[in-house]
Amino acid sequence: MASVSPQAGTAQVHTWGFGNYQTLANYQAGITQYLLNSTAVSLMTVAFTLIVSGLGGYAFAMFTFPGRNALFLVTLAILMVPYATLLIPLYVLLNDLGLQNSLVGLSLVLTMFQLPFAVFMMRISFESVPAELRESALVDGCGNFRALLRILLPAVRPGLVTVGMFAFLAAWNDFITPLVLISDSEKAPLPLAVANMRQQVMGIVDYGATEAGVVVLALPCIVLFLALQRHYVRGFMSGALKG
């Protein structure tokens, strides 16, 4: 309601309407470009997170190798490190790799921040699957990778959905990471663009356009959660029961 109501100092002064959304749509590169940037970063983060955490969770749950538990604890220990303290070293690393100021580099950093929780979630999801299911696939001639793709991944779909949702929401809403890693305004995701748009002429904050930006940011998250909440709850229940 605040984004469409009349407010002094905004594009919607006298009557109710969508003037604030017009301001948002026409800001610098345009809201379409910022939405595309956010969508690309979020989808790449989800894809990278699902691939790495799926393989990692499968290895930790189904295979026995020296140092397995120690390596898993080291992976979880990353959660104890404030991620803001890692951004400057990551900035230097991405600059050396030619990925600084890149949407791919940004998505790789966001994936790294998601991996500890994602690997933990996928490990307990795979451990909740009866071991006989994988053994039957191996007896029938499947290799380990083929058994993962054809048998086990469908069985842990709720866990995959949960991990994917967390990765998407984190990437879609993140502000600090693109603030440090993205210097080109045309490559900025929507949260960074909305924050930059707040300060217009002589430091005056355009609250109406900011509220419109918040609405645009929130809508995809709400729709995604409503569409996938059944799988999301099942994924957490399977982990809770296993734990």
Side-chain angles (χ1 to χ4, degrees), residues 28-59 75 78-79 81 83-84 86-123 125 145 148-149 153-154 156-196 213 216-228 231-232 235:
Q28 290 189 357
I31 190 174
T32 302
Q33 182 62 47
Y34 298 129
L35 282 173
L36 289 175
N37 293 341
S38 288
T39 301
V41 170
S42 300
L43 292 180
M44 284 190 290
T45 301
V46 170
F48 294 155
T49 302
L50 289 178
I51 292 172
V52 178
S53 65
L55 294 173
Y58 179 58
T75 303
I78 299 174
L79 291 171
V81 181
Y83 80 92
L86 301 175
L87 288 178
I88 300 304
L90 287 172
Y91 178 92
V92 176
L93 176 61
L94 291 177
N95 188 53
D96 292 339
L97 296 175
L99 293 175
Q100 191 272 327
N101 194 33
S102 162
L103 297 183
V104 175
L106 176 59
S107 63
L108 289 173
V109 172
L110 292 171
T111 299
M112 186 201 72
F113 294 146
Q114 290 300 305
L115 282 181
F117 167 78
V119 171
F120 170 77
M121 190 71 199
M122 292 312 302
R123 177 179 181 174
S125 296
F145 190 69
L148 170 65
L149 292 179
L153 283 183
V156 297
R157 185 178 303 164
L160 291 171
V161 171
T162 302
V163 168
M165 273 192 59
F166 267 86
F168 180 88
L169 295 177
W172 183 266
N173 293 302
D174 195 273
F175 169 74
I176 297 296
T177 307
L179 177 65
V180 174
L181 300 181
I182 300 296
S183 56
D184 187 349
S185 61
E186 293 190 356
K187 295 181 180 180
L190 188 56
L192 186 57
V194 171
N196 291 335
V216 175
L217 275 169
L219 281 177
C221 302
I222 295 172
V223 172
L224 182 67
F225 179 79
L226 292 177
L228 300 177
H231 299 286
Y232 173 79

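The analysis underlying the following values was restricted to heavy atoms, covering all of them including side chains, and did not include hydrogens, waters or symmetry mates. Keep in mind it's a predicted model, so treat the numbers as computed, not measured. Numbering of residues begins at 1 and proceeds along the displayed sequence.
- Interatomic distance, Met122 CE to Leu50 CG, rounded to the nearest 0.5 Å: 8.0 Å.
- The side-chain heavy atoms of Ile78 and Leu115, taken from C-beta on, include no pair separated by under 4.5 Å.
- Leu149 contributes atom CG, which lies 9.0 Å from atom OH of Tyr58 (distance to the nearest 0.5 angstrom).
- What you find for Phe175 and Pro191 is that their closest heavy atoms are CD1-O, 4.0 Å.
- Applying the side chain to side chain donor-acceptor pair (under 3.5 Å) definition to pairs two or more places apart or across chains, those involving residues 166-181 are Asp174-Thr177.
- Applying the side chain to side chain donor-acceptor pair (under 3.5 Å) test to residues at least two apart or on different chains, none of the pairs has a partner in residues 41-56.
- Residues passing the side chain to side chain donor-acceptor pair (under 3.5 Å) test with Gln33, sequence neighbours excluded: Asn37.
- To the nearest 0.5 Å, atoms CG (Leu43) and OG (Ser38) are separated by 10.5 Å.
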Please list, one pair per line, the donor and acceptor atoms closer than 3.5 Å that link side chains of residues 179-190 to other protein atoms, with sequence neighbours excluded.
unit_1, atom_1, unit_2, atom_2, d
Asp184, OD1, Glu186, N, 3.1
Lys187, NZ, Asn101, O, 3.1

Result block: side-chain N/O donor-acceptor pairs under 3.5 angstrom for residues 107-114, not counting sequence neighbours:
unit_1, atom_1, unit_2, atom_2, d
Ser107, OG, Leu103, O, 3.3
Ser107, OG, Val104, O, 2.7
Thr111, OG1, Ser107, O, 2.7

Report, one line per pair, each donor and acceptor closer than 3.5 Å where one atom sits in a side chain of residues 88-95; sequence neighbours left out.
none

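- To the nearest 0.5 Å, the span separating CE on Met165 from CG on Leu160 amounts to 13.5 Å.
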